[in-house]
Amino acid sequence: MTQPSGKGAAVGRRIGIGLMYGLWKPRVLGAWRVPASGPVILAVNHAHNIDGPMLMGTAPRPVHFLIKKEAFVGPLGSFLEGIGQLKVDRDSTDRTAIGNALAVLEHGGVLGIFPEGTRGEGDFASLRAGLAYFAVRSGAPIVPVAVLGSTEKPGRLIKALPRLRSRVDVVFGDPFEAGDGSGRRTRKALDEATFRIQERLTDHLKNARRLTGR
């Protein structure tokens with residue numbers, strides 16, 4: 001298993017900054033809440049395909065995202081691997097992906113996760129257990145992130161993208177620990193952690209919507 005490239009993720013961040021700020025008008029709130037060093041998990045709501053690249057371009061640190069394996073096709077697959085992104089098979093227990101994600105955290109990196117597992121309403125209504133597992137296993141704090149506005153105004157030329165130069169808000173919340181402090185990784189402990197995470201993420205989304213007026 002090869003260690004996900006930290007240098008690659010840094011390159012990905014620079015590309016993300018150029019593209020996201022070039023095409024849209026990101027407004028970033030609370031980025032100072034992301035710990036400046038050490039392992040951290042960014043838990044992001046997922047309503048649009050640009051949510052991941054938007055976070056890569058607005059987060060204060062390079063991010064390694066867990067991305068569905070279906071996206072790793074042809075040149076795009078090589079590009080994603082080159083910028084330190086992690087391929088995951090969502091239909092099975094992907095031990096390679098799990099190992100890569102834990103390696104990012106063990107080396108003090110930033111792991112990006114869409115806890116809903118797939119694109120949807122972006123409201124954290126259904127969480128998969130993966131986020132709780134990574135948080136409890138690694139002890140890394142979770143920072144909730146709300147990306148708002150990516151679905152509001154479809155573009156005139158490319159309907160699948162937000163209108164060019166429209167504003168997209170990225171709101172970072174306070175970091176929190178998912179575990180109960182016991183270090184337990186039983187199914188019950190992970191279920192409890194998932195419940196705690198969902199409460200915190202849902203509260204953050206409500207606060208972010210209130211803050212941004214979206």
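Position 1 is the first residue of the sequence, and the numbers go up from there.
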[X] [atom1] to [Y] [atom2] distance, which is reported to the nearest 0.5 Å:
X	Y	atom1	atom2	value
Arg14	Met56	CZ	CE	11.5 Å
Leu23	Arg163	CG	CZ	14.0 Å
Phe114	Lys68	CZ	NZ	10.0 Å
Trp32	Phe172	CH2	CZ	12.5 Å
Glu81	Leu86	CD	CG	9.5 Å
Arg214	Arg167	CZ	CZ	4.5 Å

Please lay out, stage by stage, how Leu190 and Tyr133 fare under the test side-chain contact (heavy atoms from CB on, under 4.5 Å). CA-CA 6 Å; Leu190 292 178; Tyr133 174 80; 4.3 Å; yes

Check the pair Val147 / His46 against side-chain contact (heavy atoms from CB on, under 4.5 Å), numbers first and verdict last. CA-CA 8 Å; Val147 179; His46 196 20; over 6 Å; no

Tell me whether His204 contacts the main-chain N or O of Arg200 through its side chain, where contact means a donor paired with an acceptor under 3.5 Å. no

So, does Asp51 use its side chain to make a donor-acceptor pair with the main chain of His48 at under 3.5 Å? yes

So, applying side chain to side chain contact (heavy atoms under 4.5 Å, CB included) with Arg27, which one of Val168, Val170, Thr212 is it? Thr212

Considering all heavy atoms of both residues, which atom of [X] and which atom of [Y] are nearest to each other, and what is their separation?
X	Y	value
Ile197	Ala132	CD1-CA, 3.7 Å
Gln85	Ile67	CB-CD1, 3.8 Å
Arg61	Val40	NH1-CG1, 3.8 Å
Val143	Gly173	CG1-O, 3.4 Å
Arg165	Trp24	NH1-O, 2.8 Å
Asp180	Arg196	N-NH2, 3.5 Å

Linking I/L/V/M/F/W/Y whenever their side-chain heavy atoms sit closer than 4.5 Å, directly or via other members, would [X] and [Y] fall into one cluster?
X	Y	value
Leu29	Val44	no
Leu76	Val11	yes
Phe195	Ile142	no
Leu201	Val136	yes

Set out, in order, the CA-CA distance, both residues' side-chain angles and the distance that settles side-chain contact (heavy atoms from CB on, under 4.5 Å) for Leu42 and Val63, then state yes or no. CA-CA 8 Å; Leu42 300 182; Val63 183; 3.9 Å; yes

Validation row: [X], [Y] side chains within 4.5 angstrom (heavy atoms):
X	Y	result
Val88	Lys69	no
Met54	Ser150	no
Ile50	Pro162	yes
Glu106	Ser138	no
Val171	Leu211	yes
Phe65	Leu55	yes
Ser78	Phe72	no

Please report the C-alpha distance between Leu66 and Asn100 in whole Å, then the side-chain angles of each, then the deciding distance to 0.1 Å, and finally whether the side-chain contact (heavy atoms from CB on, under 4.5 Å) criterion is met. CA-CA 9 Å; Leu66 275 169; Asn100 283 334; over 6 Å; no

Does atom OH (Tyr21) have a neighbourhood of more than 12 heavy atoms from anything else shown, all under 6.0 Å? yes

